[in-house]
Amino acid sequence: MTIILFFSLFLFIGLILTCYHPRFRSYHLVMKTLCSLGFLLLAFYQNWQVPVSYFWQLWFGLVLCFVGDVLLGIFFHRKEKSYFLAGLVVFLIAHVVFVYTLHLKLELQIAEVIFACGFVILSLCLSKLPKMKMKKMLWPILFYSFFVSLFMIKGIGLGIHATDMKHLLIMMAAILFFTSDFILLWMRFYEDKWKYSQFCNLLTYYSAMYLLAFSIAL
């Protein structure tokens, strides 16, 4: 596991270089794919002492995230909105899988659904900002925001209800996943760009993925 984490860190540094250094930009898709393979390998490495049903539920969600990463990596190069939309759909399905997996551990509550709807309303309010340009992507984003918010809320609820390390890692992963998507919203649709937004987006996203993968065997 230590070797996997070491090489994953090395690959992440390489991925950041492809985002900010023009000389390495053409390697972005390759580096992103390898970074995402890292959390799949870590999850698979943890499999030997885990109930099979739980592993495959979480593994399926992680595989979907890997596919979503590849699609967004292609979008990074080609700038074709169809790849971004396809990545959004794949990540949406991944969030549904994660929410269902957590629901099996702690039943989903009406209050959690209501809170998630609150984040949808927040997203709608943000879309009204003068420099926020969602246009035709508004409804897919609102639909997606419901499930990413629900995953975060469910993860927090699980972490509070069961305070062992496994569920605390899941809670942190859910919060980081939400944070990374919130940063991505501003990166993709707000006119004024912050120089380090892509670094923060990737850091929070991959931290979330590796925490989810690591939580399997705890």
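None of these values were measured; they are calculated from a predicted model.
Side-chain contact between F189 and K135 is absent, with no heavy-atom pair separated by less than 4.5 Å. F60 places none of its side-chain heavy atoms less than 4.5 Å from the side chain of T101. Taking 4.5 Å as the limit, every side-chain heavy atom of Y205 sits out of range of all side-chain heavy atoms of T179. At a threshold of 4.5 Å between non-hydrogen side-chain atoms, the residues L129 and W186 count as touching.
Taking the six-membered ring wherever Trp is involved, the centroid distance between the rings of F24 and Y20 does not fall below 6.0 Å.
F143 and I114 are not part of a single hydrophobic cluster, where members link through side-chain heavy atoms under 4.5 Å apart. Connection of F147 to I110 is not established within any shared hydrophobic cluster, with ILVMFWY side chains joined at heavy-atom distances below 4.5 Å, either directly or through further cluster members. Both L150 and L122 belong to a common hydrophobic cluster when Ile, Leu, Val, Met, Phe, Trp and Tyr are linked at side-chain heavy-atom distances under 4.5 angstrom. Criterion: ILVMFWY side-chain heavy atoms under 4.5 Å apart, direct or through other members. Under it, I160 and L104 are not part of a common hydrophobic cluster. Following chains of ILVMFWY side-chain contacts shorter than 4.5 Å, one cannot reach F76 starting from L203, and the two form parts of different hydrophobic clusters.
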Quick one: do D69 and F39 satisfy side-chain contact (heavy atoms from CB on, under 4.5 Å)? Show the steps, please.
CA-CA 12 Å; D69 286 336; F39 62 71; 3.8 Å; yes
For L202 and C19, what are the C-alpha separation, side-chain angles and deciding distance, and is it a side-chain contact (heavy atoms from CB on, under 4.5 Å)?
CA-CA 10 Å; L202 291 172; C19 296; 3.6 Å; yes
Pair L212, F98 - check side-chain contact (heavy atoms from CB on, under 4.5 Å), show working.
CA-CA 10 Å; L212 275 179; F98 290 143; 3.9 Å; yes
Check the pair L17, R23 against side-chain contact (heavy atoms from CB on, under 4.5 Å), reporting the backbone distance first and the verdict last.
CA-CA 9 Å; L17 283 175; R23 181 179 178 182; over 6 Å; no
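In terms of heavy-atom proximity, L72 sits nearest to K32 at CB-CE, 4.4 Å. The two residues L85 and M137 make their nearest non-hydrogen contact at CD1-CE, 3.9 Å. Across all their heavy atoms, A94 and G61 have their closest contact at CB-O, 3.7 Å. Contact record, G68 with V90: N-CG1, 3.7 Å, taken as the closest heavy-atom pair. Shortest non-hydrogen contact noted between L40 and V63 is CD2-N, 3.8 Å. Contact detail for S215 and L58: the closest heavy-atom pair is OG-CD2, 4.4 Å.
Under a 3.5 Å cut-off, the side chain of K154 and the backbone N or O of E107 do form a donor-acceptor pair. With hydrogens and angles disregarded, no donor-acceptor distance shorter than 3.5 Å links the side chain of K131 to the backbone of Y190. Between the side chain of K193 and the main chain of M187, a donor-acceptor pair closer than 3.5 Å is present. Formation of a donor-acceptor pair under 3.5 Å by the H167 side chain with backbone atoms of L158 is not found in this model.
Between M31 atom CE and F10 atom CZ the span is 7.0 Å, to the nearest 0.5 Å. For the atom pair CG of L176 and CE of M171, the computed distance is 10.5 Å after rounding to the nearest 0.5 Å. The CD atom of Q198 lies 6.0 Å from the NE2 atom of H28; values are rounded to the nearest 0.5 Å. Expressed to the nearest 0.5 Å, how far CG of L142 lies from CE of M134 amounts to 7.0 Å. Annotation: the span from F7 atom CZ to L42 atom CG amounts to 14.5 Å, rounded to 0.5 Å. Rounding to the nearest 0.5 Å places CZ of R188 at 14.0 Å from CG of D181.
Using a 30° and 60° split on the angle between ring planes, F199 and F12 fall in the tilted class, from 30° to 60°. F75 and F84 have tilted rings, their planes meeting at an angle from 30° to 60° on a 0 to 90° scale. Below 30°, between 30° and 60°, or above 60°: for Y210 and Y206 the angle between ring planes is between 30° and 60°, a tilted geometry. Using the six-membered ring where Trp is involved, Y196 and W194 have ring planes that are perpendicular, over 60° apart on the 30 and 60° scheme.
F178 pairs in a ring-ring contact (aromatic ring centres under 6.0 Å, His included) with only one of the listed residues (F91, F119, F151), which is F119.
Atom CZ of F115 sits in a sparse spot, with 12 or fewer heavy atoms from other residues, nucleotides or ligands closer than 6.0 Å. No more than 12 heavy atoms of other residues, nucleotides or ligands lie within 6.0 Å of OH in Y27, so this atom counts as exposed by the packing criterion. Residue K81 qualifies as open at atom NZ: its count of foreign heavy atoms under 6.0 Å is 12 or below. Residue H77 places its NE2 atom among more than 12 non-hydrogen atoms of other residues, nucleotides or ligands, all under 6.0 Å distant. Within a 6.0 Å sphere centred on NZ of K79, heavy atoms belonging to other residues, nucleotides or ligands number more than 12.
Checked by atom type, the side-chain pair Y144/H95 shows a donor-acceptor distance below 3.5 Å.
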